[in-house]
K.L.:
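Let me give you the structure first, and then I'll get to my questions.
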Amino acid sequence: MAELNILEAIRTAMDEEMERDDRVMILGEDVGKKGGVFGATDGLWAKYGDKRVLDTPLTEGMIAGAAMGAAVYGLRPIAEMQFADFVYPGFNQIVSEISRIHYRSNGTFSAPMVIRMPYGGGVHGALYHSQSNEAYFTSTVGLKVVAPGTPADAKGLLKASIRDPDPVMFFEHKKTYRLFKAEVPDGDTVVPIGKASVPREGKDLSIFCYGFMRTCALEAAETLAREDGVEAEVVDLRTLRPLDLDTILASVEKTGKALVVHEANRFGGFGAEIAATIAEKGFEHLDGPVTRLAGPEVPGVPYHHTLEDWFMIGPARIVAAARELAAY
Amino acid sequence: MAELNILEAIRTAMDEEMERDDRVMILGEDVGKKGGVFGATDGLWAKYGDKRVLDTPLTEGMIAGAAMGAAVYGLRPIAEMQFADFVYPGFNQIVSEISRIHYRSNGTFSAPMVIRMPYGGGVHGALYHSQSNEAYFTSTVGLKVVAPGTPADAKGLLKASIRDPDPVMFFEHKKTYRLFKAEVPDGDTVVPIGKASVPREGKDLSIFCYGFMRTCALEAAETLAREDGVEAEVVDLRTLRPLDLDTILASVEKTGKALVVHEANRFGGFGAEIAATIAEKGFEHLDGPVTRLAGPEVPGVPYHHTLEDWFMIGPARIVAAARELAAY
Amino acid sequence: MARTDTTPRHAELGLTDEDVLGMYRAMLLARAVDERMWLMQRAGKIAFIISGQGHEGAQVATAWPMRPKQDWMAPFYRSIASAMTFGMTAEDIITAHLAKADDVSSGGRQMPGHYGGAPYNIVSLSSPVGTQVLHAVGIAMAAWVKGDDVVAMTQFGEGTANQGEVHEAMNFAGVHRLPVIFVCENNGYAISVPLDRQVAGGSVAARGAGYGMPGVEVDGGDVLACYAAAKEAHERARRGEGPSLIEAKVVRLTSHSSDDDQRRYRDPAEVEQLKELDPIPRFANELRAGGTLTDEVEERLRAEVKAEVNDASKRAEARPEPNIEEAHERVYAEPIPGGGTPVPLEPIEGGTH
Amino acid sequence: MARTDTTPRHAELGLTDEDVLGMYRAMLLARAVDERMWLMQRAGKIAFIISGQGHEGAQVATAWPMRPKQDWMAPFYRSIASAMTFGMTAEDIITAHLAKADDVSSGGRQMPGHYGGAPYNIVSLSSPVGTQVLHAVGIAMAAWVKGDDVVAMTQFGEGTANQGEVHEAMNFAGVHRLPVIFVCENNGYAISVPLDRQVAGGSVAARGAGYGMPGVEVDGGDVLACYAAAKEAHERARRGEGPSLIEAKVVRLTSHSSDDDQRRYRDPAEVEQLKELDPIPRFANELRAGGTLTDEVEERLRAEVKAEVNDASKRAEARPEPNIEEAHERVYAEPIPGGGTPVPLEPIEGGTH
Ligand SMILES: Cc1ncc(C[n+]2csc(CCOP(=O)(O)OP(=O)(O)O)c2C)c(N)n1
Ligand SMILES: Cc1ncc(C[n+]2csc(CCOP(=O)(O)OP(=O)(O)O)c2C)c(N)n1
Ligand SMILES: [Mg+2]
Ligand SMILES: [Mg+2]
C-alpha cells in the first residue's frame with residue numbers, strides 16, 4: 001500500500017493502465033511535455049511518447065470527437081478537459097455522439113473512453129474555473145458518471161472507467177487533488193462503477209454526498225456526534241450514474257432522514273434526482289423531508305474571497321442543515 | 001379573438017413584436033425565404049426584409065453567439081434553432097456566455113434574447129428530431145425556460161419572452177404545432193413568465209405537466225373522472241424556470257398527491273426538480289409518494305413506429321400512473 | 001466492345017474498362033435504389049427520404065480508391081452511392097429505410113438516411129451535421145498511433161463545412177498529417193440557403209490552405225476528375241503526407257428531403273435546368289464517346305440493376321419488424337447487474353478514507 | 001525636438017509626432033501596470049495574473065484607429081494595452097485585479113484578466129477562449145442591421161484560432177461583409193503547446209482566404225506596421241467592404257500566467273532570447289532614430305507613467321471590498337417578485353385551453 005494524494009492516485013491509475021494495455025492513450029491540452037495544468041499526466045509523455053500522450057490543439061470538440069473516433073476504431077482513449085468549465089465546446093460530441101452511438105447503432109458500435117475533468121470550487125477560480133456541472137451529464141442516458149472522493153477510490157474507479165466498455169465522465173474535484181494522502185492499494189485493484197460506499201455509519205440521519213463534499217460531510221458528522229449526540233451516516237455515492245439505489249435506500253430505511261449535499265446550484269442539480277428518488281422509493285421510511293443543501297442560485301462561484309466563501313459549502317453548513325433535519 | 005393553432009400563434013407573436021419594436025430581429029437556418037422548416041417565420045422575411053429575418057450559415061454556435069452580441073449591443077434577437085436536438089453546438093455560448101454575462105459583469109451587461117426551439121417526440125423524428133432536452137437549461141442559472149401548451153399561452157409567453165430583459169429558452173413542442181386550434185386574444189396580451197396555470201381543478205391528486213403533456217394530462221383527467229370517479233387537478237407549469245412554487249404547493253396541499261409527467265427520460269430529468277421540491281416543501285401535505293412518469297432510460301426516441309409508441313407517454317399511461325397513486 | 005484509337009481518359013488514370021463500367025453500374029444502382037425509396041415513401045411505406053440524386057458521380061468516384069474492410073468511412077445522409085461503393089448492399093439501404101429489426105445501420109432505431117455498418121467499417125451516422133468529420137479524424141489518429149495502413153474518408157455538404165467541428169477536425173488532421181480525406185459535396189444549397197449565404201468567399205476548397213493541406217475543387221459531374229482527386233488523396237494519405245480536402249461541385253436534383261419543396265426558394269428556371277446537370281448521362285456520354293459503353297452493355301446493366309433493386313426490396317420488406325422487448329436494450333455495452341458494472345479484475349469493496 | 005530630413009514612417013501613415021509618442025506612452029503604461037500586478041501577485045494581494053507583456057506593440061497599434069465610445073471591442077485576457085488604449089484606465093485594470101466592489105469589469109466577481117466595461121463599449125470577457133469573437137461579430141451584425149457607423153474589434157491567441165466558434169464567426173462575418181476586425185495575437189504558444197502543434201500550416205492569416213477576407217500577417221513588434229494594417233481594416237469596415245483578419249506575430253515575454261512555469265516546456269535558449277524581441281525598446285529605437293523620441297521625452301514619459309501607476313494602485317487599494325449581501329444579486333436583470341417576471345403590458349391570467 002502506498003500513501004498517495006488524489007492527483008498521484010489518478011496519475012498512477014493511468015500509468016498502470018497504459019502499461020497494461022497499449023490501446024490506452026491520453027489526449028488533451030498541455031497533457032504532454034507540461035504534464036497537464038495540474039500535473040495529472042506528469043511523466044507520462046516522457047514514458048509513453050508523443051503519440052500515446054498527445055497534446056492537441058485548443059479545441060474541446062475535437063478532443064471529444066477524435067477520442068470517440070479512436071474508441072470506435074478500437075483504442076481506449078482518455079481525453080482530458082483542462083477544466084470541466086471548458087467541456088461545452090465538446091458537449092455536442094458527448095451528448096449527440098458519445099452517449100448515443102451504441103444505442104443508435106443497435107449495439108454494433110460503442111465508445112469505450114474516459115473523459116477526465118477537474119471540477120469544483122474553493123480554489124479562487126471564479127465562474128469559469130470552479131464549476132460543478134455534473135448534472136448535465138448525469139441526466140444524459142448512455143454516459144456513466146463517476147466522482148471519487150478519496151485516493152483509493154480515484155485510482156480504483158479510474159482503472160474501472162478505463163476498462164469499462166462504455167463512455168465514462170470522470171469528475172475530479174480539484175480542491176481535493178492535494179488535500180490529503182491516504183493508503184491506496186498497489187496494482188490492479190479496481191473499484192466497481194455503480195457502487196456507493198458508506199465511510200461512516202449512523203442511525204439518526206443519512207448524508208448523501210460525493211467528491212469534496214465527502215470530506216466535509218465526514219467532518220460535519222464528527223461535529224454532530226460530539227456536539228449534538230447525532231449519529232449521521234455518510235454515504236459517498238462515488239458513481240452518480242448509474243446510481244447505487246440499494247445502498248441509498250438501505251441507509252434511508254435505517255435513519256429515516258436524508259440530507260443530500262452538493263456544491264452545484266440546487267435548482268435542477270443532481271441532488272434533485274437523489275432527493276426525488278428517495279422521496280418516491282423511500283417514502284414509507286421517511287421521518288422528515290428529504291433535504292437538499294446545495295450551492296446558491298447564481299451562475300457560478302464569484303471570485304472575491306468573501307464571495308467565494310459565501311458560495312462554498314463546508315462542514316459548518318452541513319452541520320447546520322443536519323441539525324435542522326435531525327430536529328424535525 | 002382569433003382561432004389559431006400553436007404555430008400560427010407563435011408566428012403572430014413574432015410579427016406583432018417586430019411591428020411594435022424595430023430592435024426585434026430573427027436569425028436562424030432557413031428562417032428567411034423558406035419561412036423555417038416548420039413555417040414558424042413564414043411571411044416575415046417578405047414583410048421585414050433580409051436583415052431583420054436573417055438566414056444564417058448552418059452554425060448554431062454562431063447563431064447563439066452572434067445573437068448575444070446583438071443583444072449586448074441593444075437589439076432584441078430571436079434566434080431559432082432548427083430543432084432542439086441541434087442546439088448543442090451552441091451550448092457553450094448559451095451556458096458560458098448568455099446565461100452568465102449579467103452576473104459576471106455585475107449587472108452592467110445583459111443578454112435580452114429568445115432562443116426558440118422545436119422539441120419533443122411523436123413525429124417519427126427518432127433520436128435526433130425528438131429530444132426533450134429542457135433539463136440542460138432548467139438547471140442553468142441565468143436562463144429562463146418557457147414551454148407553452150396552448151395557442152394563447154404560446155403567443156402570450158413568446159411576447160413576454162421577447163420583452164423580457166433576460167435570456168429565455170422557448171420550447172415549442174412540435175407535435176402540438178398543428179394539433180388543435182383555440183382562441184387567442186388579439187393584440188398586446190402577454191402571459192407572464194413564471195406563472196403556472198390550472199386548466200382543470202380537482203381534489204384527489206395533482207398532475208404537473210407542460211407542453212404536449214398538458215393535452216395528454218387533460219384527456220387522462222377526463223378518463224379518470226369518468227371511469228374512476230377520481231378528480232385530478234392538472235397544473236400546466238408553462239414556465240419551467242423560474243418555477244411557480246406557490247401554485248404547485250397550493251395544489252399539493254389541496255390534493256395530497258403529486259404526479260409529475262414529462263416526456264424526457266426520468267433520471268435527472270426536469271421532473272426530478274419538481275418532485276424533489278414538492279417532497280421537501282410539501283412534505284407535510286403528502287398522502288403518497290411524489291410519483292414521476294417519464295420517458296424510458298434510453299438515449300432517444302427510436303424511429304420504428306412501434307418503438308416510438310413504446311417510448312411516448314400518452315393519456316393511457318398517465319391514467320395508469322394516476323390510478324396507482326390515487327389508490328395509495 | 002468498339003474502341004476508338006486514342007487512349008481513353010480512364011486508361012490514363014489506370015482504370016480498366018471493367019472499372020469504369022463498374023463505376024457506372026454503381027451510379028445506376030444507387031440512383032435506382034434512391035428512386036425506389038421515393039416510390040416507397042409516396043406509397044406510405046417509408047416516412048421520410050433524403051436523396052443522393054445528383055451526387056452519385058462524385059460519390060462513386062471518390063469512394064472507388066477506398067479499400068473495403070481496411071479503410072474507414074464516416075458518411076453523411078446523402079452517401080447512398082458512397083456507402084454502396086464501400087460495401088453496403090441495395091438490400092442494406094432499403095432495409096434501413098424500412099426500419100427492420102436486422103437493419104445493419106440501426107435495427108430500425110434511426111431515421112432513414114442514417115447509414116452505418118460495423119461489418120463495412122462505416123461509422124454509424126447521427127443527424128447533427130458535421131459530427132462525423134471528427135470521427136473520421138479520430139479513426140485516422142488511431143491508425144496513426146497504432147501504425148496501421150488505414151485511410152479514413154468522410155463526406156459532408158458545403159453548409160456543414162461551416163460548422164466549428166469541421167474546422168477543428170481539419171486543423172487537427174493537418175497538424176499531424178493524419179491519413180484522412182475530406183470530401184465536401186457542394187450542391188449549392190443547405191436546405192434553402194444558397195452558397196453565397198453559407199460559405200464566405202464561395203470556396204470550401206480554398207480553406208485547405210489554412211490547414212496546410214491541398215484543397216482541390218472538382219466538377220462533381222466529371223466522374224474521372226473526382227476519381228483522380230480521390231486517388232491522389234488516398235495515395236498521399238498512405239505515403240504519410242497527410243489529409244486532403246476535395247470539394248466536388250455537384251447538383252441536388254431533388255428537394256432537400258421529402259419534407260421540403262424547393263420551389264419555395266429556388267428559381268423555377270434553375271430547377272428546370274437541373275436535369276441537364278445529372279452526372280449519370282454525363283458519364284454515360286463520356287463512356288459512349290470513348291466506346292466503352294454500348295447500347296447493349298447499357299441495356300444489360302440497367303436490367304441487372306432493376307432486378308437487383310426488385311429483389312432487394314422484396315427481401316427487405318420480408319424482414320422482421322423490431323419488437324419493443326428490445327427497445328430498452330443496448331443503451332450500455334453490457335447490462336448493469338444490480339447497478340454495478342462488471343470490471344475484469346478483483347474489485348475492492350467499500351470506502352477507504 | 002531634433003528631426004531628421006526624411007519624412008518619418010509614421011508621418012507617411014498620417015500619424016503626428018504626438019500620436020506616436022502617445023502610442024509609445026500607452027505601451028509604457030500598459031507594461032508598467034502589468035509589472036505592478038506581478039508585484040502585487042507576489043505580495044499576495046492578487047491571486048493570479050495573466051500578462052500582456054510582449055503584446056503591447058500590436059495591441060496599442062491595432063486599437064489606435066478605433067473610436068472610443070463609438071466602436072466596440074471584445075478583448076481577451078492579454079488585452080491590457082488594447083483595453084487601455086480604448087478607454088480603460090490604469091486604475092480600472094488594477095481595481096479589477098484587486099476584485100473591488102466597484103470594479104468596472106465585474107465588481108470582483110471575475111478572476112483577474114477578465115476585462116469588460118460597459119461605459120467603454122468593451123464586452124465583458126469570460127474564460128472559455130474564443131467565445132468573444134462571436135460577440136464582436138454579433139455586434140457588427142447588429143450595427144449593420146441598424147445602419148450604424150460602428151466597427152467591432154476582437155483579439156485572441158493563435159491557439160484559440162482553432163476553436164470552432166472562431167471559424168463560425170469569421171465565416172459569418174465574411175458572408176455579410178460585417179464591419180469587424182479579427183486580431184490574432186500569435187505568440188507561438190498556447191500555454192505549453194507550440195504553434196506547429198496548434199495551427200496546421202502554421203499561418204492563421206492564411207485562413208482569411210477561406211472566408212473571403214484579407215488575411216494579413218504583420219510583425220507584432222513593428223508598431224507602425226500593425227497600425228497600418230488596423231487602419232486599413234478599420235477603413236475597409238467603414239466602407240462596407242467587410243471584415244479583416246490581422247495576424248500579429250508577437251512574443252510572450254512571461255510564462256503563460258502566474259500559475260505556469262515556461263521553463264518546463266520552452267527551450268532555455270529561447271527563453272533567454274525573449275528580451276531581445278520586446279516591442280517597447282524596438283519602438284523606442286525607431287522613434288529615436290527618426291528623432292521623435294529624445295532622452296528628455298523618454299524620461300518625462302516614464303516619470304508620468306510611474307506616477308500614474310502609483311496613484312492608480314493607491315486609489316484602487318482604497319476602494320471597498322464586495323460584500324456578501326449582494327452576492328446573489330444581478331443574476332437576472334430584475335428581481336422576480338413572487339416568481340413572476342414583470343412584463344410591460346396587460347397580462348392574461350390562467351390557462352386557455
Ligand atoms: C447541427 C445541425 N443543424 C441543423 C440541422 C438540420 N439540417 C439537416 S441537413 C441541413 C442542410 C445541410 O446542408 P449541406 O451541408 O450543404 O448538405 P446538403 O444537404 O446540401 O447535402 C440542415 C440545416 C442538422 N441536421 N444538424
Ligand atoms: C475553451 C477553453 N479551453 C481551455 C482553456 C484553458 N486555456 C486558457 S488560455 C489557454 C491557451 C491559449 O492560447 P492562445 O490562444 O495561443 O493565447 P495565448 O495565451 O498564447 O495568448 C488555454 C488552453 C480555456 N480558457 N478555454
Ligand atoms: Mg449543400
Ligand atoms: Mg498563443
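We name chains A, B, ... by the order of the sequence lines, and we start the count at 1 in each one. The analysis underlying the following values was restricted to heavy atoms, covering all of them including side chains, and did not include hydrogens, waters or symmetry mates. For clarity, every value in this text was computed on a predicted model and none was experimentally measured.
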K.L.:
Do you know the tightest heavy-atom contact between B/Tyr210 and B/His262?
P.N.:
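Heavy-atom minimum between the residues: OH-CB, 3.4 Å.
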
K.L.:
Identify which of B/Thr138, B/Asn133, B/Asp85 forms the greatest number of heavy-atom pairs closer than 4.5 Å to chain A.
P.N.:
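Heavy-atom pairs under 4.5 Å are most numerous for B/Thr138.
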
K.L.:
Could you check which of A/Gly288, A/Gly142, A/Ala279, A/Gly61 has the highest count of heavy-atom pairs closer than 4.5 Å to chain B?
P.N.:
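Sorted descending by pairs with chain B, the first entry is A/Gly288.
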
K.L.:
Under a 3.5 Å cutoff, is there a donor and acceptor pairing between the side chains of B/Arg104 and A/Tyr128?
P.N.:
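Yes - a donor-acceptor pair under 3.5 Å links their side chains.
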
K.L.:
Quick one: which of B/Glu60, B/Arg266, B/Gln93 has the most heavy-atom pairs under 4.5 Å with chain A, could you say?
P.N.:
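The candidate making the most pairs under 4.5 Å is B/Arg266.
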
K.L.:
With chain A, which of B/Leu143, B/Val298, B/Leu286 has the greatest number of heavy-atom pairs at distances under 4.5 Å?
P.N.:
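Of the options given, most contacts go to B/Val298.
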
K.L.:
Pick out which of B/Val168, B/Leu240, B/Thr239 makes a side chain to side chain contact (heavy atoms under 4.5 Å, CB included) with B/Lys144.
P.N.:
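Looking at B/Val168, B/Leu240, B/Thr239, the match for B/Lys144 under the side chain to side chain contact (heavy atoms under 4.5 Å, CB included) is B/Val168.
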
K.L.:
Got a donor-acceptor contact below 3.5 angstrom from the B/Ser251 side chain to the B/Thr247 backbone?
P.N.:
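No, the answer is negative, given that no donor and acceptor are paired below the 3.5 Å cut-off.
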
K.L.:
Tell me if a side-chain donor or acceptor on A/His285 pairs with a main-chain N or O of A/Val252 at a distance below 3.5 Å.
P.N.:
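Here the side-chain-to-backbone pair does not exist.
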
K.L.:
Identify which part of A/Tyr328 has an atom lying under 4.5 Å from any heavy atom of chain B, answering side chain, backbone, both or neither.
P.N.:
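Only the side chain of A/Tyr328 comes within 4.5 Å of chain B.
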
K.L.:
Which of the residues B/Pro302, B/Pro299, B/Gly300 is involved in the greatest number of heavy-atom pairs with chain A at under 4.5 angstrom?
P.N.:
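Option with the greatest count: B/Pro299.
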
K.L.:
If you compare all heavy atoms of A/Pro289 against all heavy atoms of B/Glu280, which two are closest, and at what distance to 0.1 Å?
P.N.:
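Closest heavy-atom pair between A/Pro289 and B/Glu280: CB-O, 3.5 Å.
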
K.L.:
If you count heavy-atom pairs within less than 4.5 Å of chain A, which of B/Phe270, B/Tyr88, B/Phe86, B/Tyr303 leads?
P.N.:
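Heavy-atom pair counts peak at B/Tyr88.
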
K.L.:
Do you know which of B/Glu297, B/Arg241, B/Lys281, B/Arg100 has the most heavy-atom pairs under 4.5 Å to chain A?
P.N.:
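Result: the option with the highest number of such pairs is B/Arg100.
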
K.L.:
Centroid separation under 6.0 Å, is that true for the rings of B/Phe91 and A/Tyr136?
P.N.:
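Between A/Tyr136 and B/Phe91, the centre distance is under 6.0 Å.
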
K.L.:
Given a strict heavy-atom distance threshold of 4.5 Å, which part of A/Ser99 is in contact with chain B: side chain, backbone, both, or neither?
P.N.:
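Backbone only.
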
